[in-house]
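Structure first, commentary second.
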Amino acid sequence: MQLDFTHHQTAHCENGVASNLLRNKGLNISEPMVFGLGSGLFYVYLPFLRVSNAPGLSYRPMPGWIFGRMARRLGIKIKRQKFSSKERAQRQLDDNLKNNIPSGLQVGVYHLPYFPDDYRFHFNAHNIVVYGKEENEYLISDPTMEKVNRLTEKELEKVRFSKGVLAPKGHIYYPTYIPEEETIDWEQAILKSIKKTCNDMLAPVPIIGVKGMRMVARAILKWPKKHGIAKANYYLAQMVRMQEEIGTGGGGFRYIYSAFLQEASKKINNPRLLQLSEEMTEIGDLWRDFAVSASRVYKKRSNQENVYAALSADLMKLADLEEAFFKKLKKAV
């Protein structure tokens, strides 16, 4: 049983699953448009929450929010289910496949056998599509991978019911209604989503947006004395992992958002968005530079003096640049 489904590789899993599911049902929507309409650019620092024994840090909203926000703004309806029973979860997935419904799943990455070892850690907010089944193997479209994969029933069950923070509990989701493309009010959806992103990044709350970045910058200065060099470096490593590898956040998300602004500029005829997209790309480059500098520190390859002070200053600069950027973007819409 293999459904008519085309796998497209993307930069981020939730964007990619949403885009691939909607394309499969006839709505041609790009990953950047999904991300932008879902107000996917975000930042929050949660020092009171431990993720892999490091302070919680996220560059994106809660799992499912990107697809959910985008769907509401376009008039798309999505069905979501979680399960206490593994048998019921598998039965629902099998029924969907029999009814020609490719399905998105939230899974943990630690036990995904096709994931490289370096990318495996206890992160339960990964997204994949199941688009078929042959004997006891499910056909998997993981948008972060170049090619499709397969998981046995037991392998898929294990990642669907992984334990820990954000445990997926067999979470399955799929669109049940998609409006005709010509009936969608793209301008309203684009403007609303941009305003939401600007408000999030400029939020007055200390742990969110640019204020959250500044809070992390100040924390970096304290980590070596408060926790010791080894733990401070571990915190930096976890930050880079969430930023550039698993979470995509940093530079990757800025490049996707830049592409969204380019596409949105043409769709609603707003040249200012095209200009700002170029600025967002430059900010993305600086996030990548920050990740490289941080990685040199925790790998003990940095020759720079006062490395933690330098990283703190770099992050403060990024916060300043993003504050100015999102004020200009808000004014542009």
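Counting from 1, the numbers follow the sequence of the chain as shown. As the structure is a computational prediction, the values presented were derived from the model and not from experiment.
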Shared hydrophobic cluster for Val165 and Phe48 (ILVMFWY, side-chain gaps under 4.5 Å): no

Donor-acceptor under 3.5 Å (Ser277 side chain, Leu274 main chain): yes

Leu49 with Met62, same ILVMFWY side-chain cluster at under 4.5 Å: no

Smallest separation among heavy atoms of Leu97 and Gly132, with atom names: CD2-N, 3.7 Å

Side chain to side chain, His8 and Pro143, heavy atoms closer than 4.5 Å: no

Selection residues 186-207 - residue pairs positive for salt bridge (charged side-chain N to carboxylate O under 4.0 Å, His left out), sequence neighbours left out: Lys196-Asp200

Under the ring pair (Phe, Tyr, Trp, His ring centres under 6.0 Å) test, residues paired with Phe161 that sit two or more places apart: none

Which atom of Arg254 lies closest to which atom of Met201, heavy atoms considered: NH2-CE, 3.9 Å

Side chain proximity check, Leu57 to Met242, heavy atoms < 4.5 angstrom: no

Pairs flagged by salt bridge (charged side-chain N to carboxylate O under 4.0 Å, His left out) wherever residues 262-290 is involved - sequence neighbours left out: Glu244-Arg288, Glu279-Lys328

All pairs passing ring pair (Phe, Tyr, Trp, His ring centres under 6.0 Å) where residues 130-154 contributes a residue, at least two apart: Phe5-Tyr131

Scan the side chains in residues 213-231 for donor-acceptor partners under 3.5 Å anywhere in the protein, sequence neighbours excluded, and list what turns up.
from   : atom 1 : to     : atom 2 : distance (Å)
Arg214 : NH2    : Asp320 : OD1    : 2.8
Arg214 : NH2    : Glu323 : OE1    : 2.7

Hey, can you pull the donor-acceptor pairs under 3.5 Å for the side chains in residues 109-117, sequence neighbours left out?
from   : atom 1 : to     : atom 2 : distance (Å)
Tyr114 : OH     : Asp142 : OD2    : 2.7

Nearest non-hydrogen partners of Ala71 and Ile78, listed with the distance: CB-CD1, 3.5 Å

Worked check of side-chain contact (heavy atoms from CB on, under 4.5 Å) between Asn124 and Val107: CA-CA 6 Å; Asn124 289 327; Val107 299; over 6 Å; no

Contacts of Tyr45 that satisfy ring pair (Phe, Tyr, Trp, His ring centres under 6.0 Å) - sequence neighbours left out: none

Reported CD-to-OG distance for the pair Gln106 and Ser162, which is rounded to 0.5 angstrom: 8.0 Å

Set of salt bridge (charged side-chain N to carboxylate O under 4.0 Å, His left out) partners for Asp94, sequence neighbours left out: Lys133

Hphob cluster co-occupancy, Met145 + Ile140, side-chain heavy atoms under 4.5 angstrom: yes

Salt bridge (charged side-chain N to carboxylate O under 4.0 Å, His left out) partners of residues 12-36, not counting sequence neighbours, each pair once: Glu14-Arg60

Note, Lys330 side chain near Asn199 side chain (heavy atom, < 4.5 Å): yes

Atom pair CD1/CG of Ile101 and Leu3 - distance to nearest 0.5 Å: 9.0 Å

With Glu134 via salt bridge (charged side-chain N to carboxylate O under 4.0 Å, His left out) - residues at least two apart: Arg150

Phe290 and Trp287 aromatic ring geometry - parallel, tilted or perpendicular at 30°/60° bounds: perpendicular

Partner set under salt bridge (charged side-chain N to carboxylate O under 4.0 Å, His left out) for Arg160, not counting sequence neighbours: none

Close side-chain approach of Phe67 to Tyr173, heavy-atom, < 4.5 Å: yes

Trace of the side-chain contact (heavy atoms from CB on, under 4.5 Å) decision for Leu105 with Val130: CA-CA 7 Å; Leu105 300 180; Val130 177; 3.5 Å; yes

Positive for side-chain hydrogen bond (donor to acceptor under 3.5 Å, both in side chains) with His171, one of Gln81, Lys82, Arg80: Arg80

Steps toward side-chain contact (heavy atoms from CB on, under 4.5 Å) verdict (Asn15, Ile256): CA-CA 10 Å; Asn15 307 328; Ile256 298 173; 4.1 Å; yes

Taking every non-hydrogen atom, the tightest pair across Ala232 and Tyr308: CB-CE2, 4.2 Å

N/O donor-acceptor pair under 3.5 Å between Arg301 side chain and Tyr298 backbone: no

Least distance between heavy atoms, Ile283 atom then Leu321 atom: CD1-O, 4.1 Å

Ser19 side chain to Gly16 backbone, donor-acceptor under 3.5 Å: no

Polar side-chain atom of Ser265 near backbone of Asn270 as donor-acceptor pair, under 3.5 Å: yes

Near-ring test His12/Phe35, centroid separation under 6.0 angstrom: no

Distance-only donor-acceptor hits, side chain of residues 174-184, under 3.5 Å, sequence neighbours excluded:
from   : atom 1 : to     : atom 2 : distance (Å)
Thr176 : OG1    : Lys77  : O      : 3.4
Thr183 : OG1    : Glu180 : O      : 2.6

Residues Leu27, Ile76; criterion side-chain contact (heavy atoms from CB on, under 4.5 Å); working and verdict: CA-CA 10 Å; Leu27 181 62; Ile76 296 167; 3.9 Å; yes

Side chain to side chain, Leu21 and Pro102, heavy atoms closer than 4.5 Å: yes

Heavy-atom check, side chain of Met70 versus side chain of Ile29, under 4.5 Å: yes

Greater than 12 external heavy atoms within 6.0 Å of Trp186's CH2: yes

Pair Tyr59 + Tyr43: ring centers closer than 6.0 Å: yes

Pair Thr152, Asn136: side-chain N/O donor-acceptor within cut-off below 3.5 Å: no

Whether over 12 other heavy atoms sit under 6.0 Å from Asn99 CG: yes

Side chains of Ser39 and Arg73, donor plus acceptor under 3.5 Å: yes

Beyond-backbone contact of Ile66 with Pro61, side-chain heavy atoms, under 4.5 angstrom: yes

Derivation of the side chain to side chain donor-acceptor pair (under 3.5 Å) call for Asn96 and Ser103: CA-CA 7 Å; Asn96 280 11; Ser103 300; 2.9 Å; yes

Gln188 atom CD: more than 12 heavy-atom contacts under 6.0 Å: no

Check: Arg69 and Ser193 side chains under 4.5 Å, non-hydrogen atoms: no

